[in-house]
2 protein chains.
Amino acid sequence: MRVSLKDVAARAGVSIKTVSNVVNNYQHVTPAMRERVQQAIDELGYRPNLTARHLRQGRTGIIALALPELGNPYFAELAAAVIDAAALHDYIVLLDHTGGRREQEVLVSQGFRARVIDGLILSPIELEAEDLRERTENVPLVLLGERHYDLPYDHIAVDNVAAARAAVRHLIDLGRREVAFIGARRGHSQPAHLRLQGWREELLSAGLSVDDGLIATTEGWGHADGAAAMTRILETGRRPDAVFAYNDPIAIGAMRVMSERGMRVPEDVAVVGFDDVVEGHFGTVTLTSVSPDKEAIARMAVESVLARLSGQAPEPRRVWADYRLIARESTLGRSTQAARST
Amino acid sequence: MRVSLKDVAARAGVSIKTVSNVVNNYQHVTPAMRERVQQAIDELGYRPNLTARHLRQGRTGIIALALPELGNPYFAELAAAVIDAAALHDYIVLLDHTGGRREQEVLVSQGFRARVIDGLILSPIELEAEDLRERTENVPLVLLGERHYDLPYDHIAVDNVAAARAAVRHLIDLGRREVAFIGARRGHSQPAHLRLQGWREELLSAGLSVDDGLIATTEGWGHADGAAAMTRILETGRRPDAVFAYNDPIAIGAMRVMSERGMRVPEDVAVVGFDDVVEGHFGTVTLTSVSPDKEAIARMAVESVLARLSGQAPEPRRVWADYRLIARESTLGRSTQAARST
DNA sequence: AGCCGGGCTTGCAACGTTATACGTCCGCAT
DNA sequence: ATGCGGACGTATAACGTTGCAAGCCCGGCT
């Protein structure tokens with residue numbers, strides 16, 4: 001059986017409340033009393049029951065983080081950063097994953113998967129604005145990532161259009177003219193939309209034509225999806241001289257296919273990814289990528305939730321996180337490797 | 001303000017307990033009554049307060065999972081599997097990471113980081129047996145992974161010695177004679193120890209000599225550590241014809257260094273990793289690896305915790321999870337790729 | 001000496017839920 | 001007509017904690 005304040009109080013011969021005072025470092029406790037109670041605590045091995053404390057205080061010290069998939073190293077690294085950021089504020093993180101499926105995202109946003117939480121950080125993929133408009137759950141919600149909603153929620157993301165434009169600009173500056181985009185999304189409206197839009201805008205502003213034949217859709221966002229999409233492009237007979245991928249795993253999957261077909265990166269095809277995952281730093285050809293400031297995103301997400309929790313939050317805000325384009329061998333080649341920032 | 005049973009009861013003109021009965025689908029409730037209460041629930045948007053329920057029931061429906069680092073895709077994938085396995089039993093997962101640091105692992109095992117949990121799954125790296133012997137926290141603990149303790153806790157792992165022997169056997173069967181091991185751990189006793197032991201045993205049983213010059217230690221378990229270790233081996237002038245790495249990131253980091261120095265994989269050096277992370281499936285040279293059955297590990301871990309929770313657990317058990325050696329290009333070359341199991 | 005004030009300790013209530021045990025009502029068998 | 005049992009609803013007491021307000025004691029001031 002677990003020991004409670006009552007047991008300690010009985011042992012020390014004091015009231016429950018006095019024990020509570022000792023546990024919580026209440027100031028008006030004589031050293032002698034503190035000593036005596038502490039001894040009883042140690043002897044019995046008392047540990048506060050956090051559930052009871054939470055019930056009493058109306059908060060739990062837990063925030064939930066819901067990500068599409070942990071298998072994607074970007075999200076795994078982001079999760080680690082959120083856990084650390086939350087720990088700074090004495091918060092603990094409950095982790096969930098949605099598979100990027102709308103149904104799961106709705107459940108999470110409605111709090112049906114975890115109802116013990118003070119706040120929620122959600123990185124949506126398919127979730128629609130109407131789903132959020134119908135949201136009845138009242139724990140603070142902060143949105144993460146690429147989707148864009150005109151709704152009264154805090155939203156933290158990098159400027160995907162600008163970041164995508166920087167990536168494509170980099171390819172154009174290298175003299176590439178046939179820049180494919182891999183990782184567009186069939187059917188659903190927004191995912192990948194902003195990066196695709198950046199690709200389009202930058203091509204147009206460079207006076208290049210926008211060719212839908214160079215857009216490849218994918219089902220998911222993993223290596224295999226990138227490989228399949230690249231294969232499809234090549235089978236149409238197109239030979240792009242550059243690829244901008246929705247994310248790094250897709251880029252790496254595509255590079256694998258190129259390697260199988262004897263195409264050289266970057267000589268024949270320059271490749272830029274997105275997310276800057278560690279994996280891209282160590283391939284046979286290292287990957288140029290857009291690097292979002294994950295720590296800042298995690299920090300701002302946690303702080304937004306907590307601010308809203310304490311009621312001091314003003315208007316819902318859209319916050320842009322920093323990013324950098326880090327050029328590596330997949331665009332520069334092995335010898336001339338260097339870093340470049342935007 | 002949040003609505004409670006009391007509010008619903010007032011609205012429906014019934015007792016609190018009747019509302020509770022409706023919420024919990026208690027059988028003796030007339031359809032008419034159920035209807036009436038349900039309507040009040042819907043009108044007010046009532047949601048049960050799980051904290052109160054947990055206090056009452058003495059359990060929270062939360063289990064904690066503490067892993068060394070999420071940046072390692074093996075652990076990220078394992079976390080995803082645990083979340084899914086827990087969901088099957090209506091449990092939610094609180095995620096923590098220890099950085100593989102003993103101090104953090106002790107805190108976690110003692111429940112200082114999260115005390116709202118019913119059970120704990122911990123994958124230790126530096127934790128010592130004495131730390132566990134001194135453990136006073138009484139929530140069920142299940143250990144995961146490679147470390148080996150003679151203590152009364154459930155422990156789930158693949159047979160690391162046997163798996164390592166299979167990996168080295170594979171290299172020997174291919175005719176390799178100078179098999180390096182990358183990823184040993186300086187100072188601390190056990191991590192990597194079992195895999196190193198398997199390497200040693202298999203070399204000896206094949207009549208080969210065990211050469212400490214072919215053992216490279218690392219600080220961590222990431223790509224960069226593998227790269228640094230490989231560089232050190234090559235700088236001693238040694239030219240192994242095979243590498244068995246502690247895990248896949250280390251193997252991939254090492255392969256990057258080989259590629260930089262013009263060494264071909266597998267022609268000059270055959271490489272085997274451990275963990276079978278997705279990243280290894282898509283490199284320019286795909287990676288042969290020992291593939292632990294992550295889903296089974298996650299499932300057994302969750303079930304062990306829950307069994308112990310419900311008191312039906314017998315003796316603490318050591319459970320061996322399945323694994324397979326999956327041969328890919330880093331040992332077989334591109335054309336002859338195939339899969340092999342043990 | 002009596003009073004006041006502050007430091008220390010305590011009892012009580014409440015957070016929202018569910019288990020238990022009880023009360024009521026109805027229908028049916030005696 | 002009476003009694004009995006089952007179906008249904010409810011009052012009450014917990015679960016373990018903390019905020020509040022009150023009570024006690026003692027030293028110092030008048």
Side-chain angles (χ1 to χ4, degrees), chain A residues 1-41 44-62 90 111 114-118 137-139 309, chain B residues 1-41 44-62 90 111 115-118 137-139:
Chain A
M1 222 1 246
R2 204 162 157 120
V3 279
S4 72
L5 284 181
K6 191 157 64 174
D7 305 316
V8 178
R11 172 106 179 192
V14 296
S15 79
I16 291 180
K17 190 64 219 294
T18 298
V19 181
S20 170
N21 286 340
V22 170
V23 170
N24 293 290
N25 274 313
Y26 179 69
Q27 48 175 336
H28 298 308
V29 181
T30 39
M33 175 63 85
R34 189 177 299 271
E35 165 74 15
R36 179 162 131 219
V37 171
Q38 188 58 50
Q39 188 173 347
I41 289 177
L44 296 176
Y46 167 76
R47 298 285 185 76
N49 178 325
L50 288 211
T51 304
R53 184 178 285 176
H54 295 160
L55 173 61
R56 183 60 236 238
Q57 298 182 333
R59 42 173 293 270
T60 62
I62 302 177
D90 285 323
R115 286 171 293 184
V116 222
I117 58 173
D118 291 340
E137 175 68 28
N138 52 7
V139 313
L309 205 55
Chain B
M1 224 359 246
R2 203 156 159 122
V3 280
S4 72
L5 283 182
K6 190 157 62 172
D7 306 316
V8 178
R11 172 110 179 187
V14 296
S15 79
I16 291 181
K17 189 64 218 297
T18 299
V19 182
S20 171
N21 286 341
V22 170
V23 170
N24 293 290
N25 275 314
Y26 182 69
Q27 48 175 336
H28 298 307
V29 181
T30 36
M33 176 61 87
R34 189 176 298 272
E35 166 74 14
R36 181 164 127 218
V37 171
Q38 188 59 51
Q39 189 173 347
I41 288 176
L44 296 177
Y46 167 77
R47 299 285 185 74
N49 178 325
L50 289 209
T51 304
R53 184 176 285 175
H54 295 160
L55 172 61
R56 186 59 239 235
Q57 297 182 334
R59 42 172 293 269
T60 63
I62 302 177
D90 285 322
R115 287 171 292 184
V116 220
I117 58 173
D118 291 341
E137 176 67 28
N138 52 6
V139 312

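As a basis for the values below, the full set of heavy atoms in this structure was taken, side chains included, without hydrogen atoms, waters or symmetry mates.
When each of C/dT10, D/dC15, D/dT17 is scored by its nearest atom to the side-chain atoms of A/Asn49, the top-ranked nucleotide is D/dT17. Candidate nucleotides C/dT17, C/dG16, D/dT17 were compared by shortest atom distance to the side chain of B/Pro48, and C/dT17 ranks first. Closest to the side chain of A/Leu5, from the set D/dT17, C/dT9, C/dA19, is D/dT17.
Whole-Å rounding puts the A/Asn25 CG to D/dG19 C1' distance at 17 Å. The interatomic distance linking A/His28 (NE2) with D/dC20 (C1') rounds to 14 Å, in whole Å. Separating the CZ atom of B/Arg34 from the C1' atom of D/dG9 is a distance of 13 Å, rounded to the nearest angstrom. Rounded to an integer number of Å, the gap from CZ of B/Arg2 to P of C/dG16 is 10 Å. Following rounding to the nearest Å, A/Asn21 (CG) and D/dG16 (P) show an atom-to-atom distance of 19 Å. Per the geometry, CZ belonging to A/Arg47 stands 21 Å off P belonging to D/dC15, to the nearest Å. Taking atom CG on A/Asn24 and atom P on D/dG19, their separation rounds to 7 Å, with Å as the unit. Atom-to-atom, CD1 of B/Ile16 to P of D/dA13 comes out at 14 Å; the value is rounded to the nearest Å.
Interface remark: the A/Lys6 side chain does not form any donor-acceptor pair with the D/dG16 base, using a distance-only criterion of under 3.5 Å. In the interface, the side chain of A/Arg56 is paired with the base of D/dT18 through a donor and an acceptor atom under 3.5 Å apart.
Annotation: side chain of A/Thr18 is not in contact with side chain of A/Tyr26 (no heavy-atom distance under 4.5 Å). In this structure the side chain of A/Asp118 never reaches within 4.5 angstrom of the side chain of A/Val139, judged on heavy atoms. Using a 4.5 Å heavy-atom cutoff, the side chains of A/Asn21 and A/Met33 are not in contact. Considering only heavy atoms from C-beta on, B/Arg11 stays 4.5 Å or farther from B/Val8 through its side chain. Between B/Arg34 and B/Asn25 there is a side-chain heavy-atom pair separated by less than 4.5 Å. In this structure the side chain of A/Val37 reaches within 4.5 angstrom of the side chain of A/Ile41, judged on heavy atoms. Within the 4.5 Å cutoff, the side chain of A/Thr30 has no heavy atoms near those of the A/Arg36 side chain.
Listed here is the closest heavy atom pair of B/Val3 and B/Gly45: CG2-O, 3.7 Å. A/Asp7 approaches A/Arg2 most closely through the heavy-atom pair OD2-O, 3.9 Å.
Side-chain nitrogen and oxygen atoms of A/Ser15 include none within less than 4.0 Å of the OP1 or OP2 phosphate oxygen of C/dT9. Put simply, B/Thr18 has a side-chain N or O that comes within less than 4.0 Å of OP1 or OP2 on D/dT10. Between A/Thr30 and C/dT9 there is a side-chain N or O to OP1 or OP2 distance below 4.0 Å.
From A/Leu50, atom CG reaches atom OG1 of B/Thr60 across 10.0 Å, with rounding to the nearest 0.5 Å.
Recorded end-axis angle for the helix from C/dA1-D/dT30 to C/dT30-D/dA1 stands at 70°, based on five pairs per end and rounded to 10 degrees.
In this structure, A/Ser4 reaches the sugar-phosphate backbone alone: every heavy-atom distance under 4.0 Å involves primed, P, OP1 or OP2 atoms, never a base.
When each of B/Met33 and A/Ala52 is assigned the nucleotide of DNA chain D with its nearest heavy atom, B/Met33 is the one assigned upstream, toward the 5' end. Residue whose closest nucleotide on DNA chain C sits further toward the 5' end, between B/Tyr46 and B/Tyr26: B/Tyr46.
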Between N or O atoms, less than 3.5 Å apart, protein on one side and nucleotides 23-28 of chain D on the other: list the pairs.
none

